[in-house]
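Bear in mind that the values here come from a model prediction, so they are computed numbers and not experimental data. Atom set for the values below is all heavy atoms of this structure, side chains included, hydrogens, waters and symmetry mates excluded. Every number for a ligand or one of its atoms is a count from 1 in the order of the listing.
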Amino acid sequence: MLIDSHCHLDRLNEESSGDTNTILNRARAAGVEKFLCIATNLDGFDAVIDIALEHNDVFCSAGVHPLQKHQVKVDYQRLIQQARHEKVIAVGETGLDYYYSPDNAELQRESLTIHIQAAREVNKPLIIHTRDAQQDTLSIIRQEKAQSVGGILHCFTESFDMAKEAVELGFYISFSGILTFKTAQKLREVAKAIPLDRILVETDCPWLAPVPFRGKENQPAYVVEVAKQLAELHNLSYEDIAQQTTSNFYQLFPQCAS
Ligand code: NI
């Protein structure tokens, strides 16, 4: 058992990875039992919800990614309407990315605030992307009381201090294939230090394929490599890490457990 807590199934290239059924079957055969398919903008929501409605083991989110530059201001009512859907279990991905997009930081902060308000209104956890924006992310989380719904800091690459604060606020820390990269020694130290009951695994596919699949399009079956790496870091068996991260996911999303 394993869960891909963050994938973009609507973005996979059929020519390189096969159609959605093929991709999901490959992952199921590798032991992946649930998939959280992440929306990146409101216009793209239909594609995401369609996949979730078609497969019992796929759930999805509603939200606008911080790097969607063309989004001027997030339409709150539209976001709420999407977020209320039964198969939508989380709000996001939202967040702050000052690494790739420092120029519209103000807009990103406004968008994160709107997403937290929406998450609290529909009472669903948040999916948060954060890069080079540790302090602002944490202070907006606090200011808007995001801890009342909790959520995931996804594709985590920031410091242990940030992870620790987020965990204290009730958030989970999700690791992607980056954890397997040669250059990610520092991140592996962070992953080693985070309490096991707060760790999740994800692919963030089609991006960030883990070792030994770098250069290929990423897909949910490869989440196995992230779990293997975590098992090694924590000196546990692969089965133990798979079970622990899966039960963590169900702790946050109990409605997915059945
Ligand atoms: Ni993503």
Side-chain angles (χ1 to χ4, degrees), residues 2-13 17 20 23-24 27 32 34-49 51-52 58-71 74 79 82-83 87-101 104 108 111-112 115-116 118-119 124-133 137 151-158 162-163 166 171-181 184 187 199-210 213-214 216-223 225-226 245 249 252-253:
L2 211 51
I3 292 175
D4 187 351
S5 75
H6 192 115
C7 52
H8 299 275
L9 296 171
D10 56 319
R11 302 295 193 88
L12 279 104
N13 182 336
S17 304
T20 307
I23 290 162
L24 290 173
V32 184
K34 298 279 162 51
F35 308 83
L36 177 44
C37 181
I38 304 292
T40 55
N41 62 69
L42 300 182
D43 290 336
F45 178 74
D46 287 349
V48 165
I49 191 75
I51 299 172
V58 178
F59 298 84
C60 70
S61 71
V64 184
H65 193 288
L67 295 176
Q68 294 278 321
K69 288 191 184 185
H70 61 276
Q71 293 281 350
V74 177
L79 174 60
Q82 296 181 352
K87 270 230 127 169
V88 173
I89 60 171
V91 174
E93 68 181 280
T94 177
L96 304 177
D97 194 320
Y98 296 172
Y99 179 83
Y100 280 116
S101 192
N104 67 348
Q108 292 183 45
S111 176
L112 174 57
H115 279 80
I116 296 174
K124 292 179 183 179
L126 287 146
I127 309 290
I128 296 182
H129 166 118
T130 178
R131 188 140 186 222
D132 279 5
T137 303
I152 302 172
L153 294 194
H154 107 92
C155 195
F156 194 74
T157 54
E158 301 285 12
M162 184 190 199
F171 279 75
Y172 289 76
I173 310 296
S174 181
F175 291 97
S176 69
I178 293 177
L179 200 63
T180 68
F181 293 3
L187 186 64
I199 295 179
L200 299 172
V201 288
E202 67 173 80
T203 56
D204 205 9
C205 66
W207 305 286
L208 300 169
F213 302 109
R214 289 200 71 180
K216 284 185 75 172
E217 180 171 86
N218 199 3
Q219 53 179 288
Y222 298 167
V223 74
E225 303 303 324
V226 183
T245 55
F249 185 89
L252 184 60
F253 301 111

Contacts of E225 that satisfy salt bridge (Lys or Arg N to Asp or Glu O under 4.0 Å) - sequence neighbours left out: K228
Test item: S61 side-chain N/O and A39 main-chain N/O as donor-acceptor pair under 3.5 Å: yes
Any side-chain heavy-atom pair of L9 and L24 under 4.5 Å: yes
Nearest heavy atoms of D132 and E158, plus distance in Å: N-OE2, 2.5 Å
Sub-2.8 Å protein N, O or S atoms surrounding the Ni ion (ligand 1): H6 NE2, H8 NE2, E93 OE2, D204 OD1
Rounded distance (nearest 0.5 Å) linking atom NE2 of H129 with atom CG of L67: 5.0 Å
Non-hydrogen atoms of P210 and F181 that approach each other most closely: CA-CE1, 4.3 Å
